[in-house]
Amino acid sequence: MTAAGAASPGEAEPPGPFDPARLNDQEQARLHKLALLRKQGLDPYPARVERTHTIAEARALEPGTDDDAPQIAVAGRIVLLRDLGRMSFAQLDDGTGVIQIMVRRNQVGADWYREVWKACVDLGDFLSVRGSLVLTRTGELTVDAQACTVAGKALKPLPDKWHGLQDPEARYRRRYVDLLANPEVREVFRLRARTVRSIRNFLDDLGYLEVETPVLQPIYGGAAAQPFTTHHNQLHQDLYLRISFELYLKRLIVGGLDRVYEIGRDFRNEGVSFKHNPEFTQLEFYEAWSDYQGIMERLEAMLAKVAVDVCGTTEVAHQGRTVSFAPPFERMTLRDAILEHTGLDIHELAAEADLRDAMRARGMDTGDDPNWGKLVDSLLSRYVEPRVTNPMFLYEYPKAISPFAKGVPGEPRLVERFELFAAGMEVSNAFTEINDPMDQYQRFLGEKFLREHGDDEAHQVDDDFVEALTWGMPPTGGCGVGIDRLTMLLADRPNIREVILFPHLRDADQG
RNA sequence: GGGCCCCUAGCUCAAUUUGGCAGAGCAACGGACUUUUAAUCCGUGGGUUCUGGGUUCGAGUCCCAGGGGGCUCACCA
């Protein structure tokens with residue numbers, strides 16, 4: 001860091017976070033112990049300490065007695081501490097596991113035991129312990145300490161050792177406390193990482209190329225959503241944070257990269273809910289010489305493999321239900337699904353006024369939906385989506401809400417598109433991509449019309465993308481998958497904030 | 001954004017129904033204990049009851065306003 005005294009801190013320095021007046025009794029006690037360690041010439045924050053084995057490695061060793069016991073050094077955070085006269089038991093956690101240590105006065109020396117161990121070491125501190133790996137009388141694998149070193153003093157008390165940290169707000173705002181106090185939370189994020197790795201392996205093995213496309217975009221598109229806006233000062237250019245990768249990935253298909261995918265962050269300037277965070281992680285993959293049927297099979301195979309890689313089975317427990325990722329997934333047209341759940345036939349009710357009247361006649365709220373497509377979308381998300389448990393493909397979508405999907409031959413109102421639903425959520429959205437530049441241009445004009453008539457999620461015209469298509473694009477299928485939601489499913493979490501390390505929250509400042 | 005619920009010690013929670021000394025467990029501090037397993041036992045300290053107003057002799061509790069969070073509806077993926 002900066003040279004000491006560079007800013008000439010004097011007595012006028014504000015007290016800061018270590019002002020005893022701002023600390024509770026426990027924090028003051030720890031601060032005092034920190035000073036006590038230093039007074040004894042011990043560094044509470046050494047750069048390195050002895051460690052021969054991770055705790056997981058140590059647990060795999062065969063313990064001994066006396067002379068034949070393995071001599072090891074482990075290190076970790078003290079998560080449990082029991083004093084027992086002139087000895088103590090503690091448990092260390094290093095992220096690979098937990099192991100018990102035994103600190104005996106006769107072994108470590110009476111002075112050290114009294115002046116350091118009893119006087120300065122707290123629950124929550126990091127510690128390095130060298131000693132023999134033995135079994136205690138009750139058969140617990142234990143490091144019988146010969147020597148200990150404080151490896152990182154904690155100045156805050158640990159949350160309740162039994163209940164951990166429960167308050168959701170505290171858990172999200174200080175995720176590090178959540179992670180250190182609630183080991184099962186660490187597992188969620190390990191599972192999330194395995195999920196992403198499994199997806200990468202699946203696509204890589206199929207010859208897909210992983211790419212990265214711009215997050216800052218002059219024209220946003222590829223989904224129906226409101227963007228975050230930002231500005232490039234030097235270039236005097238307004239920019240948007242991407243709401244999807246779609247239009248850039250398809251430019252790569254034009255360029256001859258026949259199988260591409262990207263895993264990254266999308267940003268949508270909209271409400272938050274149990275399944276919505278303003279920034280979220282999306283997978284999009286595009287495959288030339290495929291179509292929405294081919295993509296359906298790809299996705300089915302991918303999710304079945306991911307479920308097995310991550311959960312060891314295709315039958316995944318989620319919130320008291322079982323979600324089966326065993327292929328083939330159920331397939332149903334969107335029309336049939338809506339018909340089944342609402343009794344409304346969107347093919348018959350093909351005019352906005354007719355559909356709106358029919359919905360109102362059934363007491364359904366059609367409030368803010370500005371057009372026919374949005375009404376269909378409402379029926380789907382309100383009456384179909386919540387009722388789907390096992391993965392189900394709904395296919396053949398209205399052209400009116402699908403500006404990038406190719407039309408179904410002979411069905412002027414339908415496009416070759418599907419969405420995958422599971423556990424009451426939309427998990428994926430895919431279609432046969434439009435490769436006819438004139439068709440795409442007409443779709444953009446249609447979006448422009450909607451935009452001018454009150455649909456502020458309708459697309460901007462992206463002339464540059466249309467031009468890309470004029471250079472020729474092969475028949476292509478493409479797909480987007482919500483990684484956070486998939487993780488919710490696989491990790492059996494009820495809420496997207498449980499699978500995002502630092503979910504978005506309001507400012508904590510008080511007014 | 002709407003509706004409902006919540007915010008009390010470092011943590012987990014009581015006390016709110018019916019306004020009357022703000023409590024327990026863990027953690028901390030002092031003590032006992034050399035094989036514990038959420039160790040046990042004895043003792044001690046610890047509070048801006050989210051914030052600001054109001055009603056009242058008296059407010060954690062009732063009323064108003066604000067902040068944050070949760071659930072839910074709307075919207076989106």
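This one's a predicted model, so the numbers in the text were calculated from it and none came from an experiment. Just so it is clear: chains get the letters A, B, ... in the order the sequence lines come, proteins before strands, and each one is counted from 1.
We find that the ring of A:Phe89 and the base of B:rA39 do not stack by the test of centres under 5.5 angstrom and planes tilted less than 30°.
We find that CD of A:Glu385 is positioned 12 Å from C1' of B:rC75, with the value rounded to whole Å.
Within the nucleic acid shown, A:Leu84 comes within 4.0 Å of at least one base atom, counting heavy atoms only. Looking at heavy-atom distances under 4.0 Å, A:Glu270 makes contact with sugar-phosphate atoms alone, never a base. Residue A:Phe280 is classed as a base contact, given a heavy-atom separation below 4.0 Å to a base. Across all strands shown, A:Lys275 has heavy atoms under 4.0 Å from base atoms, whether or not it also approaches the sugar-phosphate. Across all strands shown, A:Asn495 has heavy atoms under 4.0 Å from sugar-phosphate atoms exclusively, and none from any base.
Across every strand in view, B:rC13 sits in a pair with B:rG23 that passes the Watson-Crick or G-U test at under 3.5 angstrom.
Between the side chain of A:Arg82 and the backbone N or O of A:Phe89 there is no donor-acceptor pair closer than 3.5 Å.
Counting only N and O atoms by type, the side chains of A:Glu287 and A:Tyr208 include a donor and acceptor under 3.5 Å apart.
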message = Set out, in order, the CA-CA distance, both residues' side-chain angles and the distance that settles side-chain contact (heavy atoms from CB on, under 4.5 Å) for A:Val427 and A:Leu489, then state yes or no.
response = CA-CA 10 Å; A:Val427 172; A:Leu489 264 168; 4.0 Å; yes

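The base of B:rU36 is not paired with the side chain of A:Asp83 by any donor and acceptor separated by under 3.5 Å.
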